[in-house]
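Quick note: numbers below take in every heavy atom, side chains included, and nothing from hydrogens, waters or symmetry partners.
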Amino acid sequence: MNKHKEQIFENATRALVNQLDSMGLDKQARMQAKNFVLLFRDSFKSDAVKRATFGLEIGNDYTLFPYDSWGFCKASSAAFVSLMPNPQEWQLMYINEIWAYGPHYFIQHIPSGRALDLTYDQYISDTTEIPYYMGRPIKISRDTQNTAIRFTHAIGLDFMQIIKNNKNTKE
């Protein structure tokens with residue numbers, strides 16, 4: 001990745017972490033969310049993570065992705081929503097193919113009504129505004145969950161164990 005793209009990526013990561021400070025999250029949820037953002041974003045750079053996440057769906061075409069965050073919207077957004085300690089506060093959102101750049105997935109923080117888009121920087125160089133107002137809530141399908149599982153396992157997280165632990169702490 002060239003220096004300009006690296007700077008865009010780092011600025012976007014910093015902006016996402018800063019955004020979490022303004023969303024009214026309690027300290028524990030804010031720290032957990034920041035940790036996921038940093039871990040997920042750092043993992044976007046890994047060829048092994050790209051291969052594990054996308055290999056079954058698109059073969060090795062991921063090597064042609066122009067940005068490190070490219071293509072990770074579904075996997076990272078679904079993983080984030082599922083893994084947060086209070087998943088009822090987060091909604092997976094979907095902008096369909098009606099949008100010229102779609103489909104696109106992002107996260108809605110329900111209490112604040114704010115979009116949290118872990119991969120928004122893939123559109124920066126085109127100066128494309130992401131129409132979050134077109135986003136619709138969707139359930140995490142089996143296919144989406146499988147993508148999130150491949151992604152999280154590739155970065156060293158046990159997706160199913162974290163889900164189980166989250167359920168056990170709420171009871």
Side-chain angles (χ1 to χ4, degrees), residues 1-2 5-21 23 25-94 103-109 115-122 124 138-171:
M1 186 164 54
N2 70 36
K5 288 181 183 178
E6 284 179 29
Q7 191 62 49
I8 289 172
F9 187 88
E10 294 307 319
N11 288 344
T13 301
R14 200 169 14 265
L16 286 164
V17 168
N18 290 340
Q19 178 183 350
L20 291 166
D21 287 330
M23 293 176 75
L25 301 171
D26 67 54
K27 183 178 180 178
Q28 181 180 354
R30 187 174 64 248
M31 294 309 296
Q32 185 71 44
K34 285 181 178 186
N35 286 336
F36 282 139
V37 167
L38 293 171
L39 176 62
F40 290 3
R41 298 265 315 159
D42 190 50
S43 71
F44 294 167
K45 300 176 200 175
S46 167
D47 195 54
V49 172
K50 289 175 185 173
R51 187 174 24 266
T53 304
F54 306 119
L56 294 175
E57 296 173 0
I58 61 172
N60 287 328
D61 287 350
Y62 64 84
T63 59
L64 303 175
F65 290 0
Y67 299 96
D68 283 332
S69 61
W70 189 277
F72 279 105
C73 63
K74 179 167 80 170
S76 64
S77 295
F80 185 96
V81 167
S82 299
L83 297 176
M84 282 300 290
N86 294 318
Q88 70 277 8
E89 292 185 6
W90 305 93
Q91 175 64 54
L92 181 62
M93 302 293 285
Y94 176 71
H104 184 61
Y105 296 81
F106 64 97
I107 304 157
Q108 178 93 28
H109 179 241
L116 180 68
D117 189 344
L118 301 176
T119 63
Y120 79 91
D121 54 308
Q122 65 184 307
I124 286 179
I138 62 166
K139 293 193 183 297
I140 298 176
S141 68
R142 173 66 66 200
D143 174 63
T144 301
Q145 184 179 32
N146 287 339
T147 302
I149 289 169
R150 286 194 310 272
F151 171 67
T152 54
H153 283 187
I155 63 176
L157 295 177
D158 186 340
F159 184 87
M160 298 311 287
Q161 186 61 47
I162 294 171
I163 297 297
K164 182 180 173 184
N165 290 346
N166 282 345
K167 285 181 182 177
N168 289 340
T169 59
K170 290 181 183 101
E171 297 173 335

Quiz item: Who are the side chain to side chain donor-acceptor pair (under 3.5 Å) partners of T119, not counting sequence neighbours?
Solution: D117, Q122

Quiz item: Taking C-beta and beyond as the side chain, do F36 and L157 meet within less than 4.5 Å on heavy atoms?
Solution: yes

Practice problem: With sequence neighbours excluded, tell me which residues meet side chain to side chain contact (heavy atoms under 4.5 Å, CB included) with N146. | Solution: R142, I149, R150

Quiz prompt | side chain to side chain contact (heavy atoms under 4.5 Å, CB included) involving K27 - partner list, sequence neighbours excluded | solution = R30, M31

Quiz item: Looking only at atom types and distance, does a side-chain atom of Q145 sit under 3.5 Å from a main-chain N or O of A78, one as donor and one as acceptor?
Solution: no

Self-check item: For Q91, side chain to side chain contact (heavy atoms under 4.5 Å, CB included) partners two or more places apart
Solution: M93, Q108, I110, P137

Exercise. Write out all pairs satisfying salt bridge (charged side-chain N to carboxylate O under 4.0 Å, His left out) with one or both partners inside residues 31-40, taking only residues at least two apart or from two chains.
Key: D21-K34

Self-check item: Heavy-atom closest contact (S77 atom, L92 atom, distance)
Solution: CB-CD1, 3.6 Å

Quiz item: So how far is it from H109 NE2 to N86 CG, rounded to the nearest 0.5 Å?
Solution: 9.0 Å

Exercise. With rounding to the nearest 0.5 Å, note down the distance linking CG in N35 to CG in L83.
Key: 12.0 Å

Practice problem: Identify, with sequence neighbours excluded, every residue that meets ring-ring contact (aromatic ring centres under 6.0 Å, His included) alongside Y94. | Solution: Y105

Practice problem: Report the residues that fulfil side chain to side chain contact (heavy atoms under 4.5 Å, CB included) with A15, sequence neighbours left out, ordered by chain and then residue number. | Solution: Y120

Quiz prompt | Least distance between heavy atoms, S82 atom then I140 atom | solution = OG-CD1, 3.3 Å

Self-check item: Residue list, side chain to side chain donor-acceptor pair (under 3.5 Å) with S141, at least two apart or on another chain
Solution: T144

Quiz item: Roughly how far, to the nearest 0.5 Å, is CG of L39 from CD1 of I155?
Solution: 4.0 Å

Quiz item: Are M84 and L25 side-chain neighbours, meaning at least one heavy-atom pair lies under 4.5 Å?
Solution: no

Practice problem: Return the set of residues passing ring-ring contact (aromatic ring centres under 6.0 Å, His included) with F151 (not counting sequence neighbours), or none when no residue passes. | Solution: F40, F72

Quiz item: Given the rule in the side-chain contact (heavy atoms from CB on, under 4.5 Å) test, do L16 and D121 qualify, once you have shown the distances and angles that lead to the verdict?
Solution: CA-CA 10 Å; L16 286 164; D121 54 308; 5.8 Å; no

Quiz item: Under the 3.5 angstrom rule, does the side chain of T147 hit a backbone N or O of D143 as a donor-acceptor pair?
Solution: yes

Practice problem: For R14, enumerate each residue passing the salt bridge (Lys or Arg N to Asp or Glu O under 4.0 Å) test, keeping only those at least two apart in sequence or located in another chain. | Solution: none

Quiz item: Of all heavy-atom pairs between V49 and S43, which one has the smallest distance, and what is that distance?
Solution: CB-O, 3.6 Å

Quiz item: Could you state the interatomic distance from CG (L118) to CZ (F106), rounded to the nearest 0.5 Å?
Solution: 11.5 Å

Practice problem: Flag the pair T13 / D42 as yes when at least one side-chain heavy-atom distance between them is below 4.5 Å, and no otherwise. | Solution: no

